[in-house]
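Read the structure below first, then the notes.
As the structure is a computational prediction, the values presented were derived from the model and not from experiment. Below, chain A is the first sequence line, B the second, and so on; all start at residue 1.
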Amino acid sequence: MAKIVAICATTHHPFYYKTSKMAEAEAPPFASTWIEKVSRYRETLTRANPDVLVMIGSDHFHQLWLSAMPQFLVGNAPFYDANYYNEEREFGLPQLLLRGEVELSNFILTRGLEVGFDLAFSNELRVDHSITCPIFTIRPEADLPIVPIYTNIFAPPLPQPKRFVDLGIAIREIVDAWPSDKRVAIIGTGHLSLELGGPRQFGPHGPDPEFDAKAVEWISQGKIDEALAEVTLESLHQPGNATHGFMDFMLMMGVAKGQVADYSDTLDLFHTMEAYFTWYPEGK
Amino acid sequence: MSKYYLNKFLFTIDRDPELVERYRNDPKGTVAWWLTEIGPTNLGLASFERTTWLTLEPDEREALEIHDKVALFAMGAHPFLTLTLWIALFERDFEEPLGMQLDYAKALEHFKLPYPDITT
């Protein structure tokens, strides 16, 4: 059976790539700390030596549109073009070509149907920065095949938080059961408190530092039940209008099955708090 | 009211560099052109398969014609779509980093929770 060698959950900050490429004189004051923290986080994946990456993210109205909006979708293709013109324009993110791991995509899709997740699929998926940000931060070689899984945290009506946790648990069990000798890392990106296109956007910190502190505690300590007791689709409006992206972290807590994180770090930035968590299911 | 159609306008303009410039320079003309050429097409279908019912209400059309981000927010247009397009349209007019984004936030500061519903 396949081995899950690392589970990584992180925020995806599209400005990291550009910031990390700036000359020292031009870079903002927080750049060196940010780069250092990301580099330490990268090491948590590198040391696990994965062969395949299952990557959870959320399309930002790039390919997925309101004329047919899946709640959960698995990429099932041998290759994925990555990043869009408007991400290059806004964030300076280059376009990439990533390889796919079709055998695992098929396994997740068919086994998902068997265990109660009727996952949508795409045979031609151009992934966006929710998938490529962690490539740039923790696997910049972009050399491993991926299985992208998209969740809808963006276009209401959204799935319930519990469904995200349950999908995370299902993904963990399905990957564990994949008949393969591959070493798999499961990487997911979400948000802590975040406001986009609203009055609380781009403040000196994330819009709700109290929520962020609580969220970091839930994730790092594996407190799934506490998070589920407090988080609802309605409550997530309070910390910021884009905070529903926290449900991708809840999915990752499901993947980690309530285990305490082996690695946990944060960085308070303008606009949002960055957070980095890694679990090693089979021990360090 | 058609939040979906408002969003469709923002979405289809934002993803095309030529349309971004066109909408910046001639918002009224771009909206009129869009309503006959792009809006009626279904993005997953052949271009001759056209909607027989989608339309913008007069106030929605006006908000797009005058680049009124505050009205769009109030109508429940998706805030991510509006913000992303506004960055493409107007960030260049501000000297300070994040100047546009902070000016944008200030223009919306009278909105308190709950914000207008964006469900489509």
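There is no contact between B/K69 and chain A, counting heavy-atom distances below 4.5 Å. Contact of B/N7 with chain A is made through backbone and side chain together, with heavy-atom distances under 4.5 Å. Contacts of B/L72 with chain A are absent, with no heavy-atom separation under 4.5 Å from either backbone or side chain. Contacts between A/E195 and chain B at a heavy-atom distance below 4.5 Å involve the side chain alone, from C-beta outward. Heavy-atom distances place both the backbone and the side chain of A/H60 under 4.5 Å from chain B. Both the backbone and the side chain of B/T119 come within less than 4.5 Å of a heavy atom in chain A. Of the two parts of B/L43, only the side chain, counted from C-beta on, holds a non-hydrogen atom closer than 4.5 Å to a non-hydrogen atom of chain A.
A 6.0 Å sphere centred on CD of B/E37 holds more than 12 heavy atoms belonging to other residues, nucleotides or ligands. Atom CD of A/E88 has more than 12 heavy atoms from other residues, nucleotides or ligands within 6.0 Å. More than 12 heavy atoms of other shown residues, nucleotides or ligands fall within 6.0 angstrom of atom NZ in A/K37. Within a 6.0 Å sphere centred on CD of A/E124, heavy atoms belonging to other residues, nucleotides or ligands number 12 at most. With a 6.0 Å radius and a threshold of 12 heavy atoms from other residues, nucleotides or ligands, A/F15 has its CZ atom above the threshold. Summarising the local packing, CD of B/E96 is surrounded by 12 or fewer heavy atoms from other residues, nucleotides or ligands at distances under 6.0 Å.
A heavy-atom distance below 4.5 Å is not found between the side chains of B/H78 and A/L66. By the 4.5 Å heavy-atom criterion applied to side chains, A/P199 and B/Y104 are not counted as neighbours.
In this structure, B/P79 and A/L196 approach most closely via the heavy-atom pair CB-O, 3.4 Å. Nearest heavy-atom pair, A/G197 versus B/L83, reported as atom, atom and distance to 0.1 Å: N-CD2, 3.5 Å. The minimum heavy-atom distance linking B/Q101 with A/Q201 is given by the pair O-NE2, 3.0 Å.
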task: Decide side-chain contact (heavy atoms from CB on, under 4.5 Å) for B/F111 and A/R200; before the verdict, give the C-alpha distance in whole Å, the side-chain angles of both, and the deciding distance to 0.1 Å.
output: CA-CA 10 Å; B/F111 286 97; A/R200 296 175 287 172; over 6 Å; no
message: One pair to check against side-chain contact (heavy atoms from CB on, under 4.5 Å): B/T84 and A/E87. What are the steps and the verdict?
response: CA-CA 10 Å; B/T84 305; A/E87 294 174 304; over 6 Å; no
- request: Test B/T120 against A/M69 for side-chain contact (heavy atoms from CB on, under 4.5 Å), laying out the working first.
  value: CA-CA 11 Å; B/T120 50; A/M69 178 58 73; over 6 Å; no
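Note: A/Y85 leads A/F202, A/Y84, A/Y85, A/F61 in heavy-atom pairs under 4.5 Å with chain B. When each of B/K112, B/R15, B/E109 is scored by its heavy-atom pairs under 4.5 Å with chain A, the top score falls to B/R15. Top candidate by heavy-atom pairs under 4.5 Å with chain A, chosen from B/F11, B/W86, B/Y4, is B/F11.
The backbone N or O of B/I87 sits nowhere less than 3.5 Å from a side-chain atom of A/E90 that would complete a donor-acceptor pair.
Every residue meeting the side chain to side chain contact (heavy atoms under 4.5 Å, CB included) condition with A/L233, not counting sequence neighbours, appears here in chain and number order: A/L158, A/Q160, A/P161, A/H244, A/M247.
In this structure, the separation between CG on A/N86 and CG on B/L85 is 9.5 Å, given to the nearest 0.5 Å.
A/F154 and B/F80 have perpendicular rings, their planes meeting at more than 60° on a 0 to 90° scale where under 30° would count as parallel.
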